[in-house]
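Only one structure is covered here, and it is reproduced in the block below.
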Amino acid sequence: MRDVRVRFAPSPTGPLHIGGVRTALYNYLFARKMGGKFILRIEDTDQGRFVPGAEQYIIDSLDWCGITFDEGVHVGGPHSPYRQSERKELYHQYADQLVKSGHAYYAFDSTEELDELRKEYESRKQTFQYGPATRLGLRNSLTLPVEKVQEMLDSGVHYVIRIRIPENEVIHVNDLIRGLVSVESSLLDDKVLYKSDGMPTYHLANVVDDYLMEISHVIRGEEWLPSAPLHVLLYRYLGWESVMPQFAHLPLLLKPDGNGKLSKRDGDRLGFPVFPLKWVDPKSGEVSSGYRESGYLPDAFMNMLALLGWHLDSDKELFSMNELVEAFSIDRCSKSGAKFDPEKAKWFNHHYLSAKPIKELASYLKTQIEGKNIEASEEYLEQVCSLVHERVVLIPDLYEQSHFFFHAPETYDEKVVAKVWKTDTPSLLLELIKVLQSIEPFMLVNLESGIKQFVQDKEIGMGQLMNPLRLCVVGTSAGPGMMDMMAVIGRQEIISRINLCIIKLNQ
RNA sequence: GGCCGGUUCGUCUAACGGUUAGGACGUCAGGUUUUCAUCCUGGUAAUAGGGGUUCGAUUCCCCUACCGGCUACCA
């Protein structure tokens, strides 16, 4: 059996969205599982759609995800270069070879002429196809005299090279996910293989490069399924059918509401990122949010993405990257598109985040408070994190859930005030202050026993005391256990917050 | 329009042709808690429709419907 070599081949036309990331992930998992090689190839044959920064964005994104490559634009390798624009000279000879063998031909029709034809057909409710039925009526090397063709070629007239699709032939594509897919050749059209600007189209370039780079499996999105028969034909005509890669066409990622392919717009519209990293469009300046900046962990992101289109026959849903590699197989990929679920993405992140070591969470929190000019010792931050870590869904929640550990509340939630602040509350709290002053040392166990005693003596419920106290300390009815908080925040600060609250609410 | 692909709870999905159709997210209800959240327990909810094949179809075949993709000198 031949060595497994797979590639991820994005085009640098913008940021890579999560559908692309998932394709990269599956390729990566397959390569690692099979002990093969994983290659990053940049398909930039469309100079018109090139977006500066997109290539670096793709590299950075996959790096953040923990998806690593053995060969590629950024790491080099035996098949360099890995950028198709730098391989430009390579492709023409193969297009030539196809012309010589009669499987392709030169075409001189202008874009305008073809557009005109398409319109004409459309007005007759027909579809124009450059193919067996029409090519003999168009301007190409099939219809023009040999000398004329040569003359035009020599004179530098713009031309393209098109494949000559055979008539009445059934083409089979064996897909690892979908099984045998068969297409009648006359339904295909004479696709352009080589453009007038001297660049190959995707179809030619991907076949040539996959062959040259000895790719064993092509794992890509379902949107390529319709052109797969064309690619099979190219392998055949180029004489490479015996080493043709195996194909696996992945189901698409769909938008959470309604239907259709997940697109850039859906994120902003529904309030979740569609990109791994934040992206600023170099032309429009438009900003798109990213999973990293929103506070997702790469492990959680990968776990979530892996399950969108792949599943074990067991109930296991939590996988580390290593476990994914171990468990992955193409035959357990599903056929149907998967709607992306932002809620489940959050659930995964919550799970991974609350399982993180406290020290790590503390370091996240440290950078957050530094940005707010707050200072705190590492020990203090760790104490805070151990109290809030289960309440955190996204990394920024760390501070959102703990800000009252760093400063007194500036406002008091009116609804809560109305509910818990009674006329005798101030005097009760003043008495509590005396108790707090007597607790020695000011620690959790002593607080618990002291306050319990106080509540018993006063013959009141714990809630009658704790709810208003919480209002003083937090400003609302939320947060970790009061006793825990008091022990961490400290006696002086607690007492001062009680006093402050009584003054403010009595105004 | 044509071609290709797809269709199991709201969502992601599991189920050698024989299961009370399972799990997870969400949701709902309880429980824990001084609050909120977490957490725990339980409930809710699905084989698109119609024909076959079969002793028996979620599973195999056909048709219909619906959804999606493709239909550029874009990838």
Side-chain angles (χ1 to χ4, degrees), chain A residues 9-13 43-46 48-49 107 109-111 114-115 118 122 125-130 158-162 173 175 177-178 181-184 187-189 191-203 205-206 220-229 249 251-252 254 256-261 304 307-318 332 334-348 350 354 388-393 397 401 416 419-420 451 455 461-471 474 476-483:
Chain A
S11 67
T13 53
E43 310 230 329
D44 56 348
T45 51
D46 185 355
R49 292 210 305 158
D109 320 87
S110 71
T111 311
L114 293 175
D115 281 348
R118 286 200 183 89
E122 208 172 313
K125 293 218 163 187
Q126 288 181 305
T127 310
F128 170 74
Q129 212 184 21
Y130 207 121
H158 278 6
Y159 69 91
V160 300
I161 296 175
R162 312 186 85 111
V173 179
D175 187 279
I177 295 174
R178 288 148 212 287
V181 177
S182 306
V183 181
E184 167 59 46
L187 269 1
L188 267 32
D189 55 354
K191 280 265 180 299
V192 171
L193 301 177
Y194 196 82
K195 301 187 272 187
S196 59
D197 65 358
M199 280 284 202
T201 60
Y202 170 83
H203 303 295
N206 106 60
R220 75 227 301 191
E222 192 185 357
E223 68 268 30
W224 294 109
L225 193 51
S227 54
H249 289 94
L252 264 15
L254 275 16
D257 66 330
N259 299 298
K261 203 157 61 153
M304 179 271 298
L307 257 17
L308 250 31
W310 171 87
H311 205 281
L312 242 35
D313 57 0
S314 75
D315 291 336
K316 186 174 167 67
E317 290 204 317
L318 263 8
R332 292 219 53 99
S334 46
K335 297 180 175 74
S336 50
K339 277 188 188 172
F340 176 72
D341 181 358
E343 288 306 314
K344 192 142 189 184
K346 284 186 190 165
W347 177 82
F348 271 110
H350 171 259
S354 58
V388 303
H389 81 283
E390 280 178 346
R391 333 168 68 88
V392 171
V393 174
D397 296 340
Q401 295 288 341
V416 180
K419 196 176 171 188
V420 308
I451 289 176
V455 166
M462 195 62 116
Q464 279 175 273
L465 175 66
M466 293 313 232
N467 289 328
L469 176 59
R470 178 177 295 279
L471 185 68
V474 178
T476 186
S477 66
M482 272 312 303
M483 309 285 192

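In what follows, chains carry the letters A, B, and so on, assigned in the order in which the sequence lines appear, proteins first and then strands, with residues in each chain numbered from 1. Since the structure is predicted, the reported quantities are computational estimates derived from the model, not experimental observations.
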Checklist entry - Within the structure, does a side-chain N or O atom of Ser336(A) lie under 4.0 Å from either OP1 or OP2 of rG5(B)? => result no
Checklist entry - Reckon Pro480(A) touches a base, only the sugar-phosphate, or nothing at all at heavy-atom distances under 4.0 Å? => result base
Checklist outcome for this item: In whole angstroms, the gap separating P of rU34(B) from CE of Met482(A) amounts to 13 Å
Checklist entry - Going by the angle between their ring planes, with limits at 30° and 60°, are Tyr194(A) and Tyr159(A) parallel, tilted or perpendicular? => result parallel
Next on the checklist: Considering every strand and a 4.0 Å limit on heavy-atom distances, what is the contact class for His350(A): base, sugar-phosphate, or nothing?
Outcome noted: sugar-phosphate
Item to check | rG22(B) to rC4(B) separation - C1' atoms, rounded to the nearest Å | outcome: 33 Å
Item to check | C1' spacing across the pair rC70(B) / rC12(B), given as an integer number of angstrom | outcome: 26 Å
Next on the checklist: Using the C1' atom as the point on both nucleotides, what is the distance between rC16(B) and rA24(B), in whole Å?
Outcome noted: 25 Å
Checklist entry - For atom P, what is the distance between rU27(B) and rC61(B), given to the nearest Å? => result 39 Å
Checklist entry - When every nucleotide of nucleotides 15-30 of chain B is labelled 5' to 3' by its protein contacts under 4.0 Å (heavy atoms), B for base, S for sugar-phosphate only, - for none, what sequence of letters results? => result S-------BBS-----
Checklist entry - So what does Ser354(A) hit on the nucleic acid, given a heavy-atom distance under 4.0 Å: a base, only sugar-phosphate, or nothing? => result nothing
Item to check | Spacing of Leu193(A) atom CG relative to rC74(B) atom C1', expressed in whole Å | outcome: 15 Å
Item to check | Short side-chain N/O contact from Lys191(A) to OP1 or OP2 of rC70(B), under 4.0 Å | outcome: no
Checklist entry - Has Thr45(A) got a side-chain N or O lying under 4.0 Å from the OP1 or OP2 atom of rA75(B)? => result yes
Next on the checklist: What I want to check is whether the side chains of Arg178(A) and His249(A) have a donor and an acceptor closer together than 3.5 Å.
Outcome noted: no
Next on the checklist: Going by the rule side chain to side chain contact (heavy atoms under 4.5 Å, CB included), which residues pair with Glu317(A) if we only count those two or more places apart in sequence or in a different chain?
Outcome noted: Leu307(A), His311(A), Lys344(A)
Item to check | Atom-to-atom span, CG of Leu252(A) to P of rG68(B) - whole angstrom | outcome: 11 Å
Checklist entry - Using a cut-off of 4.0 Å on non-hydrogen atoms, how would the nucleic acid contact of Gly481(A) be classed: base, sugar-phosphate, or nothing? => result base
Checklist outcome for this item: pair_partner(rA29(B)), Watson-Crick or wobble, both distances < 3.5 Å, evaluates to rU41(B)
Checklist entry - Under a 4.5 Å cut-off applied to non-hydrogen side-chain atoms, are Asp109(A) and Tyr130(A) in contact? => result yes
Next on the checklist: Under 4.0 Å from OP1 or OP2 of rC73(B): is there any side-chain N or O of Arg118(A) that close?
Outcome noted: yes
Item to check | Residue among Val192(A), Thr201(A), Leu193(A) satisfying side chain to side chain contact (heavy atoms under 4.5 Å, CB included) with Arg162(A) | outcome: Val192(A)
Item to check | Euclidean distance, atom CG of residue Leu225(A) to atom P of rG5(B) [Å, nearest integer] | outcome: 7 Å
Next on the checklist: Looking at rA21(B), which nucleotide sits across from it as a Watson-Crick or G-U wobble partner, both distances under 3.5 angstrom, or is there none?
Outcome noted: none
Checklist entry - Checking all strands, does Met304(A) fall into the base, sugar-phosphate, or nothing category for heavy-atom contacts under 4.0 angstrom? => result nothing
Checklist outcome for this item: Arg220(A) CZ to rG5(B) P, in whole Å, measures 15 Å
Item to check | Considering all heavy atoms, the nearest His350(A)-Val392(A) contact | outcome: CD2-O, 3.1 Å
Item to check | Nearest-angstrom distance from the residue atom NZ of Lys195(A) to P of rC74(B) | outcome: 4 Å
Checklist entry - Using the P atom in both, what is the distance from rG56(B) to rU41(B), to the nearest Å? => result 42 Å
Checklist entry - When all nucleic acid strands are considered with a 4.0 Å heavy-atom cut-off, which category describes Lys261(A): base, sugar-phosphate, or nothing? => result sugar-phosphate
Next on the checklist: Without decimals, in angstroms, what is the distance between Gln126(A) CD and rU71(B) C1'?
Outcome noted: 15 Å
Next on the checklist: Does a side-chain N or O of Arg49(A) approach OP1 or OP2 of rA75(B) to a distance below 4.0 Å, or not?
Outcome noted: no
Next on the checklist: Let's test this: given Watson-Crick or G-U wobble pairing with both distances under 3.5 Å, identify the partner of rU7(B).
Outcome noted: rA65(B)
Checklist entry - Checking all strands, does Lys335(A) fall into the base, sugar-phosphate, or nothing category for heavy-atom contacts under 4.0 angstrom? => result sugar-phosphate
Checklist entry - Paired with rC70(B): which nucleotide, if any, by Watson-Crick or G-U wobble criteria at under 3.5 Å for both distances? => result rG2(B)
Checklist entry - When you compare rG26(B) with rA15(B), how far apart are their C1' atoms, in angstrom units rounded to a whole number? => result 23 Å
Checklist entry - Can you tell me how far C1' in rC63(B) sits from the matching atom in rU71(B), rounded to whole Å? => result 26 Å
Checklist entry - What is the distance, rounded to the nearest whole Å, between atom CG of Leu471(A) and atom P of rU34(B)? => result 18 Å
Next on the checklist: Considering every strand and a 4.0 Å limit on heavy-atom distances, what is the contact class for Asp109(A): base, sugar-phosphate, or nothing?
Outcome noted: base
Next on the checklist: Considering every strand and a 4.0 Å limit on heavy-atom distances, what is the contact class for Val160(A): base, sugar-phosphate, or nothing?
Outcome noted: base
Next on the checklist: So, using side chain to side chain contact (heavy atoms under 4.5 Å, CB included) as the criterion, who are the partners of Thr13(A) when residues are at least two apart?
Outcome noted: Ser11(A), Arg49(A)
Checklist entry - In Watson-Crick or G-U wobble terms, both distances under 3.5 Å, what is the partner of rG56(B)? => result none
Next on the checklist: I'd like the C1' distance from rG51(B) over to rU11(B), given in whole Å.
Outcome noted: 31 Å
Next on the checklist: If you go through the side-chain atoms of Thr127(A), does one of them form a donor-acceptor pair with the base of rG2(B) closer than 3.5 Å?
Outcome noted: no
Next on the checklist: Taking any heavy-atom pair under 4.0 Å as a contact, classify Leu312(A): base, sugar-phosphate, or nothing.
Outcome noted: sugar-phosphate
Checklist entry - With a 4.0 Å cut-off on heavy atoms, is Gly479(A) in touch with a base, just the backbone sugar-phosphate, or nothing at all? => result base
Next on the checklist: Counting the atoms with a prime plus P, OP1 and OP2 as sugar-phosphate, which does Ser11(A) contact under 4.0 Å by heavy atoms, base, sugar-phosphate, or nothing?
Outcome noted: sugar-phosphate
